[in-house]
Amino acid sequence: MSEDFEPKIIAFCCQYCAYSAADMAGSMRLQYPSNVEIILIPCTGRFDVILALKAFEAGADGVYVAGCLEGNCHFLDGNIRAKKRVAYLQKQIEQVGLEPGRLAMYNLSASQGPRFAEIVNEFSATIIHLGPSPMKKKLAA
Ligand code: FES
């Protein structure tokens with residue numbers, strides 16, 4: 001893959017944990033790629049197929065959902081439902097020609113700023129390895 005490829009990543013972050021962790025990573029001035037667009041959602045339980053497809057249609061090369069640790073969702077089981085939804089969607093996107101690895105789910109607590117930065121770095125590396133989203137070409141055609 002070209003070293004010039006800078007993937008566009010969209011992260012749907014739950015307001016209680018992941019978003020706070022992102023905030024902390026910023027406050028701690030931790031290094032992570034700036035190509036991640038963070039979208040605040042009330043809970044990962046709100047993540048659905050429409051949000052995922054809209055993100056890919058908007059040019060995302062990778063999409064991830066980040067929510068509270070299992071057992072700590074403020075809406076009880078939103079993150080468990082999101083986990084199942086992401087697993088289901090990974091199979092669905094494969095059928096339209098997107099690699100399942102372009103969609104992921106992470107769990108972290110509000111105090112895990114360093115983990116947030118690590119996730120962005122890890123996921124970004126995965127997407128760089130996969131290359132640009134094939135959906136971009138399909139939409140441009
Ligand atoms: Fe954070 Fe539900 S409130 S995942």
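All ligand and atom numbering here is 1-based and tracks the order in the structure. Bear in mind the structure is a predicted one, so any value in this text is a computation, not a measurement.
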Nearby protein N/O/S atoms (those under 2.8 Å) for atom 2 (Fe) of ligand 1, with water ignored: C43 SG, C73 SG
Test side-chain contact (heavy atoms from CB on, under 4.5 Å) applied to F75 - qualifying residues, sequence neighbours left out: Y16, C43, C73
Test item: R46 side-chain N/O and I41 main-chain N/O as donor-acceptor pair under 3.5 Å: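 Judged by distance alone, no pair lies under 3.5 Å.
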Whether R85 side chain and G45 backbone form a donor-acceptor pair below 3.5 Å: yes
Residues in salt bridge (Lys or Arg N to Asp or Glu O under 4.0 Å) contact with E57, at least two apart in sequence or another chain: none
Result block: side-chain N/O donor-acceptor pairs under 3.5 angstrom for residues 103-118, not counting sequence neighbours:
residue	atom	partner	partner atom	Å
N107	ND2	C68	O	2.7
S109	OG	S111	N	3.4
S109	OG	S111	OG	3.1
Q112	OE1	S109	N	2.7
R115	NH1	E118	OE1	2.7
R115	NH1	E122	OE2	3.1

Closest non-hydrogen atom pair between I38 and A22, with its separation: CD1-CB, 3.8 Å
